[in-house]
Amino acid sequence: MTTSFRNVDVAVDAPLETSPYEALVTLIERGTLRDWVRITSAVDDDPWGTVAHQIEDHLTHEQPQGVAPLMTRAIARARTKAEVGERNEVAQEIARLIKQSGLTIAELATRVGTSRPRVSTYRTGSVIPCAAFLVRLRRVVGQLS
């Protein structure tokens with residue numbers, strides 16, 4: 001079964017990521033709550049993906065009454081949630097590396113060229129280290145094993 005969207009036909013169950021831009025715009029502008037839930041689910045699954053970018057692109061040109069703020073908030077919410085998850089994942093890896101090293105945080109901090117408080121902030125996730133620090137930490141812990 002297909003649904004007509006402006007000048008395209010799309011299978012109703014086709015993934016939004018593969019649907020033409022026009023189909024997504026039509027769902028935003030004339031869709032139902034069920035369509036909007038489907039869109040926000042796609043954004044939750046990939047906050048920086050095709051669907052999110054197409055929504056942002058559309059909203060830079062048009063502001064569908066009532067729906068525009070909802071879509072904007074859905075993207076912001078999904079990205080914040082993803083960032084929190086990433087921050088936690090980095091903190092968990094640092095905690096795992098500290099434990100694997102067998103050293104105290106102070107000893108390990110000295111080995112990687114930083115301070116104990118700095119490593120502690122990375123371990124708790126209150127500060128995210130740069131990629132170079134994480135590479136250095138992995139290398140130092142690998143040498144200790």
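- Here the closest heavy-atom approach between residue Ala52 and residue Arg79 is recorded as CB-NH2, 4.0 Å.
- For the 3.5 Å distance criterion, the side chains of Asp35 and Thr32 qualify, holding a donor opposite an acceptor.
- Within the 4.5 Å cutoff, side-chain heavy atoms of Leu108 are placed close to those of Leu137.
- Put simply, the side chain of Thr80 never gets that close to the backbone of Arg77: no donor and acceptor are under 3.5 Å apart.
- The neighbour count for Glu56 CD, taken as heavy atoms of other residues, nucleotides or ligands under 6.0 Å away, is above 12.
- Side-chain contact check for Ile128 versus Glu86: every heavy-atom pair is 4.5 Å or farther apart.
- Taking OG of Ser19 as the reference point, atom CZ of Arg38 lies at 6.0 Å (rounded to 0.5 Å).
- Applying side chain to side chain contact (heavy atoms under 4.5 Å, CB included) to Ile55 and the options Val67, Leu27, Leu16, Leu24 leaves one that passes, Leu24.
- The two residues Ile28 and Trp36 have their closest heavy-atom pair at O-NE1, 3.2 Å.
- The side-chain heavy atoms of Tyr21 and Thr50, taken from C-beta on, include no pair separated by under 4.5 Å.
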### Message
Would Arg96 and Lys99 count as a side chain to side chain contact (heavy atoms under 4.5 Å, CB included) here? Give the steps.
### Response
CA-CA 5 Å; Arg96 181 188 60 76; Lys99 184 175 181 178; 5.8 Å; no

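- In the hydrophobic clustering of this structure, Val51 groups with Val37; members are Ile, Leu, Val, Met, Phe, Trp, Tyr whose side-chain heavy atoms approach within less than 4.5 Å, directly or through other members.
- Between Ala109 and Arg116 the shortest heavy-atom distance is CB-N, 3.6 Å.
- Not one N or O on the side chain of Arg123 forms a donor-acceptor pair closer than 3.5 Å with the backbone of Ile94.
- Of the inter-residue distances, the one linking Glu29 atom CD with Glu62 atom CD reads 6.0 Å to the nearest 0.5 angstrom.
- Side-chain heavy atoms closer than 4.5 Å link hydrophobic residues (I, L, V, M, F, W, Y) into clusters, and following such links, possibly through other members, connects Ile39 to Leu33.
- Residue Thr40 holds its OG1 atom at 9.5 Å from CG of Asp45, rounded to the nearest 0.5 Å.
- Atom CG of Asp44 and atom NZ of Lys81 lie 6.0 Å apart (nearest 0.5 Å).
- A distance of 4.5 Å separates CZ in Arg111 from CG in Leu144, rounded to the nearest 0.5 Å.
- Remark: of the listed residues Ser126, Pro129, Ser115, Ser126 is the sole one forming a side chain to side chain contact (heavy atoms under 4.5 Å, CB included) with Thr121.
- A distance of 8.5 Å separates NE2 in His58 from CD in Gln63, rounded to the nearest 0.5 Å.
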